[in-house]
Structures are given as structure tokens and as C-alpha cells.
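First the structure, in the form of C-alpha cells, and then the observations on it.
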Number of protein chains: 2
Amino acid sequence: MTETHQTHGPAALDVTGVVDPSSAPSATDQASLSELRDIPQATVTRLATYLRVLGVLADRDTTTVSSEELAAASGVGSAKLRKDLSFLGPNGVRGVGYEVARLHARIAGALGLDRVHNVVLVGVGNLGQALARYPGFARRGFSLVGLFDSDPERIGVSVGDLVVRHVDELEQACLELEATLGVISTPDEAVQEVADRLVRAGLRCILSFSPTLLDVPDNVETRQVDLAVEMQVLSFNGARNIENGPSSSASSSSNSPSSTSPRNGSVIAP
Amino acid sequence: MTETHQTHGPAALDVTGVVDPSSAPSATDQASLSELRDIPQATVTRLATYLRVLGVLADRDTTTVSSEELAAASGVGSAKLRKDLSFLGPNGVRGVGYEVARLHARIAGALGLDRVHNVVLVGVGNLGQALARYPGFARRGFSLVGLFDSDPERIGVSVGDLVVRHVDELEQACLELEATLGVISTPDEAVQEVADRLVRAGLRCILSFSPTLLDVPDNVETRQVDLAVEMQVLSFNGARNIENGPSSSASSSSNSPSSTSPRNGSVIAP
DNA sequence: GTCTGTGAAGGGCTTCACAGCT
DNA sequence: AGCTGTGAAGCCCTTCACAGAC
């Protein structure tokens, strides 16, 4: 009852989280204006994953990693990983692999994570409080700098290091705090108004946890996390798996763990 | 400071959430074994969105909707919507549109949501508690039936309607509760062990909020929600928007609000 | 005339397989 | 010999445009 996994095959390197913010070495790769274009959307999403895995490897003082290993630890195929990285230009050494610290810095630079992003969070209910206390938040390049709500009972309450302020101060505070990213975890009815305020305050990036469709100007980037959609897609795919018979073809969603060489055991120990 | 949006164009129908679980009419469309195949992954994800919007429309006693309207309210193009629906067979009436209740039932059936799914949640920390109290959870076909944790201080505590049980009871309880979907919101270190237990208990669908890569058998479907990845992708796309100049080309992520007829005002009022 | 359903064209992403560097 | 970087092939998805039903 207490033993952990033992029947597990492909997931090499056993990356289990936990990064500390001390890794970037010398290479100060600034996102050089032209790299931003031409990186496929799907690749951008995976780069963020590689970045996290590289952080874990750096913490373990792993200095070098091959595409095969990094791919396995990230849940993708090695060819896909190399293709993804190729959009950033040459990153590794042929016959050897990638230098962990260098590649980490390279990706962070490309994603614009060499500078810290200030985040404001609006809606300090159950979910908002949980988000405000989420440690991985700060650990991956984001600094929570403001909490806002409209409920008088919540104003002035401390959550983590911050004190909840009234949402009427939002526009003003965003400017003072130099916020660049807004997170909305209010009830559905308030979402659009909050989004409008964030836009008015000059924010260009909004993450919403409401299923409501946000209506914002073209130059504002939004992203939604809808829990119910995730679960519905999940259960459908689960049903399909059983239907199709539990043979090959791997899964499907965000990560496609179709390892290139199926079930060949450890990839870390050659 | 108190007025809401006024410069907003395309998002017609202004769907703002809130569904109640009283809609399905006569058509008991069972997922008929062959429909499961051949539905593109991207389509499945959007079907879940359409389903939610249709729920909202049903609540408003809207009986009929055109592809143009439903598409606008869902943040997609009308052609894409029609193509998506076509995978379920004929659903509408030419020259008229779709009957809301009928289409809702049709999609729900196709996604396997005509039966309720029992969900167990493991890890009742900040995030876990927020999830446990999330109302939209139950409102969209999922019933939370069990809460588990390993921290002695949390065992026996009530969250919502449920009492937190020890994670050692997990396998046994999953069988008794007839759970079909597991949600993991534990610290990263515990995620793999919890996943192993869920698999052992026969669950085929796992939703994880940890960035850790899950290693599970092929017939188990997993899905991850990684907050940091969402924010990193968001901020990158935001930077790219500014770089490219705030012209056309709309956004990019989950929803692509590229309305077919750009900025033509209300679609709901003909 | 209106609006759905769909073949066909087009674009983007993935996979393959190998050239090229160490 | 080993491993990266990359053209090319293939696949999936999106978009177009129109035939067909009402």
C-alpha cells in the first residue's frame, strides 16, 4: 500500500516537479523581435513544458541531456522536440546533446521569461485564494502583485503576502504595479466587466477561469481554463479508448506520450 | 467607473454562464459505438463548448438557433461549427437552423454525458477545496462523490457535502462509489502514487493539476492543467501580438474568435 | 430566399529519414 | 559512432464555396 510505481515503462528521468529560481547562466538570450514570428502555436505550448523539465534537471545538477531523454521526460517524441527547438536556432552539440543551463536560458529568453511578469488577480473566492497561494506561480517567472474583489467582507483581508483591495482601484493599481497579466476568477456575471477594466488599464494578457467567452480588442490575448470542458473531453476520450480496444495508438490530449521506440525501458541509463 | 462594455462588437448573444440541469427532451441519443471513432480531437473539445452555450440558450427559452449565432456565441466561425456538428450526422433544418433542446441532447449523447459521471478528488489543499466547492462542476454532468487526502489534520473535515477520507481507502472507495473519473490536486511528489492507485481502482480518466508527467497504462486517458504553462503561453502570445502590430489576425489559443463577418454588430437581432 | 451539410482546396503540424557536425 | 538539425512526405484540421433541403 505504500510502495510507489513499479510497472512503469517509458517515462524516463522521473521528473517530479520542484524548481528553484536560480538557474540562468551567462547566455542572456533576448527575444530578438524576429524570433517571435514563425514559431508555431503548438510549439510555443510545448516549449513551456520543456522549460519546466529543464528546470528540474538543472536542480539535479544534470549538465547535459539528449533529445531522446528530454523528450521522454516531457512526454513527446524526440523528433518533435528537435523540430520544436530548431525554431530557436541551433541549441545543442551534435553527437553530444544539449547543455541544460544553456537551453533553459535560451527557451526562457524566447518565451520572454527573462523578465518577471507582474500579475494581478481579480476575484478572491475559493478558487482565487487557492491561486493566490499557489507556489509554482512565483517559481516560474510570475510575481503576484495585486488581489482585488468587490465583496466588502473580503477587502482588507490578507491572502499570502498581499491584502485584498477593492476592484474599483483596479485600473489605477495596475498602472502603479506595472502589471502585465491579469487573472480572472470571479463569478461568471462579473467576468466581462473585469476584463473591460483590465483592458482599460492597459493589460494585454488575460487568463480566465470562467467558461464565459471574453469580448476584448484584437490586440489583447486571452486564454480560458474551463474545468468542465476538460473533464468532458477527458471522459469522452476515455470512452473512446475502451471502445477502440486498449491496444496501441496512445492517448491524445495536450500531451501525446507516444514514445518513438515503444516500451523500450529506461532511456536515462544507456 | 461603473458602466460595463460598450465598445464590444462581435460576441453576439452575450452568453454569460449559468445552466441548470433540466433541459434534455425526448431524444435519448446514446453514443452509438461507431460515432466515437472518426470525431476529430479538436472537434470534441469544441463540442463541449457548444454544449455549454446551448445550455445557456435553453435556459433563456430560446428554441432555435442558427449556425451563425451559435458560432458567434461560442467564439468560432460558422463554417467550423457546421463541420463539427456534421460529424454527429444531420442535426438541423435547412433554411431554419438548429432546435436548441434537440442539439443539446444530441451533443450530450455523443460526448457520453447522458449519464452522470462520478468523480473522486484526491488532495484537499487550497486548490482541492476550491475545486470541491466549484458549483459548475455538478452543473455540467459530474457528481463529486469522494474526497481524499493523506494529511491527518484534514481527514474527517467536511468540505461541501462530503467528508474527507484517508487516501488509503481510495481503491476500496472508488469501487464502492462507482467512480469513473479522478481529479488529482496533491503536491507534485504524491501525484504519481495517487495516479497508480486510481488506475488500480479501475479508473480510466484522470485529470491532474500538477505539471508532473503522469505515467499510466495506454488505456488510461489523462489530461493536465498546468497554470504556469497557460500563463507562459499567454504572455508569449501577448508579446507577439504587440510585435506584429495590433492589426487583424485575431488571437490564437483555445478560442479563435475570428468571426466570419468581422465587426458586423449584433447577430442575435436579424 | 435562407440556412444546413459537405466535397475540395488550403494551411499547419507531425513524422520520417537522413545529411552533417563532433 | 552518436546525436543534432532539417528538408520532404504525410496527416489532420480549417476554410472555402456551393449543392441541396426547406
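Proteins come first, then strands; the chains are lettered A, B, ... in the order of their sequence lines, and each starts at number 1.
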Between [atom2] on [N] and [atom1] on [X], what's the gap in Å once rounded to a whole number?
X        : N      : atom1 : atom2 : answer
A:Leu88  : D:dT6  : CG    : P     : 11 Å
B:Leu81  : C:dC3  : CG    : C1'   : 12 Å
B:Phe87  : C:dT6  : CZ    : P     : 10 Å
B:Glu99  : C:dT4  : CD    : P     : 14 Å
A:Leu85  : D:dC3  : CG    : C1'   : 13 Å
B:Tyr98  : D:dA21 : OH    : C1'   : 13 Å
A:Arg82  : D:dC3  : CZ    : P     : 10 Å
A:Leu103 : D:dT4  : CG    : P     : 11 Å

Please state whether the phosphate of [N], meaning OP1 or OP2, lies under 4.0 angstrom from any side-chain nitrogen or oxygen of [X].
X       : N      : answer
A:Ser67 : D:dC3  : no
B:Lys80 : D:dT15 : yes
B:Arg46 : D:dT14 : yes

Closest-nucleotide ordering on DNA chain C, the 5'-leading residue of A:Val96 and B:Val93: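 Per heavy-atom nearest nucleotide, the more 5' residue is B:Val93.
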Under 3.5 Å donor-acceptor pair, A:Arg94 side-chain atoms to D:dT4 base atoms: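 Donor-acceptor pair under 3.5 Å: yes.
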Counting N and O atoms only, with roles assigned by atom type, does the side chain of [X] sit under 3.5 Å from a partner on the main chain of [Y], one being a donor and the other an acceptor?
X        : Y        : result
B:Arg204 : B:Val199 : no
A:Ser208 : A:Ser210 : yes
A:Asn91  : A:Gly89  : yes
A:Arg82  : A:Ser67  : no

First of A:Gly97 and A:Lys83 reached from the 5' end of DNA chain D, by closest nucleotide: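 Result: A:Gly97.
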Pair A:Asp38-B:Arg240, salt bridge (Lys or Arg N to Asp or Glu O under 4.0 Å): steps then yes or no: CA-CA 10 Å; A:Asp38 304 331; B:Arg240 172 151 61 183; over 6 Å; no
